[in-house]
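Just below is one structure, and these are the notes that go with it.
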Amino acid sequence: VETANEKIAEALQLFATPDVPVLIIIYHLGDIIDYDAPTTAEKYLNYIKDQKNVSVRVNNVKYDNNNKITELELIKK
């Protein structure tokens, strides 16, 4: 758990704030996109820690002028 918390702290440094929205696409067909309930970077990283599994890939990332992530869009595999 301690190592996971250290990795989460490192990953959060890539984000503008821990509250950056993370959107997870659960269905995508043409112009139809269905998202899971939005979450935050910090909550999602803790969710991954609890699940011990990552079943998404990055679909889109938005950055600010400081090259910090301001929005992360993931898609379920």
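Index from 1, following the sequence. Note that these values count all heavy atoms, side chains included, but never hydrogens, waters or copies made by symmetry.
Taking CD1 from Ile26 and CG from Leu23, the interatomic distance works out to 12.0 Å, rounded to the nearest 0.5 Å. Put simply, CD on Glu73 and CG on Asn59 are 4.5 Å apart, with the number rounded to the nearest 0.5 Å. Rounding to the nearest 0.5 angstrom, the gap separating the OH atom in Tyr44 from the OG1 atom in Thr39 is 9.0 Å. Atoms OG1 and NZ, from Thr3 and Lys49 in turn, are 11.0 Å apart once rounded to the nearest 0.5 Å.
No chain of hydrophobic side-chain contacts below 4.5 Å, direct or via other Ile, Leu, Val, Met, Phe, Trp or Tyr residues, connects Tyr35 to Leu72. Under the 4.5 Å side-chain contact rule for hydrophobic residues, Val58 and Leu12 share a cluster. Under a hydrophobic clustering in which Ile, Leu, Val, Met, Phe, Trp and Tyr are joined whenever their side-chain heavy atoms come within less than 4.5 Å, directly or via other members, Ile25 and Leu74 fall into different clusters.
Considering only heavy atoms from C-beta on, Ile69 comes within 4.5 Å of Tyr63 through its side chain. When side chains are defined from C-beta on, Ile48 does not count as touching Asn53, because their heavy atoms never get closer than 4.5 Å.
Summarising the geometry of Ile24 relative to Lys76, their closest heavy-atom pair is CG2-CG, 3.9 Å, with the distance given to 0.1 Å. The two residues Asn46 and Ile8 make their nearest non-hydrogen contact at OD1-CD1, 3.5 Å. Between Glu71 and Val20 the shortest heavy-atom distance is N-CG1, 3.6 Å. Summarising the geometry of Lys77 relative to Val54, their closest heavy-atom pair is NZ-O, 4.4 Å, with the distance given to 0.1 Å. When every heavy atom of Leu45 is checked against every heavy atom of Ala11, the shortest pair comes out as CD1-CB, 3.9 Å. A pairwise comparison of heavy atoms in Thr40 and Pro18 identifies CB-O, 3.6 Å as the closest pair.
The backbone N or O of Gln13 lies less than 3.5 Å from a partner atom in the side chain of Lys68, making a donor-acceptor pair. Under the 3.5 Å distance criterion, the side-chain polar atoms of Asp64 are matched with a main-chain donor or acceptor of Asn66.
In Asn65, the CG atom is not crowded: 12 or fewer heavy atoms of neighbouring residues, nucleotides or ligands sit closer than 6.0 Å.
Partner Tyr27 forms a side-chain contact (heavy atoms from CB on, under 4.5 Å) with one of Ile33, Ile32, Ile75, Asp36 and no other, that one being Ile32.
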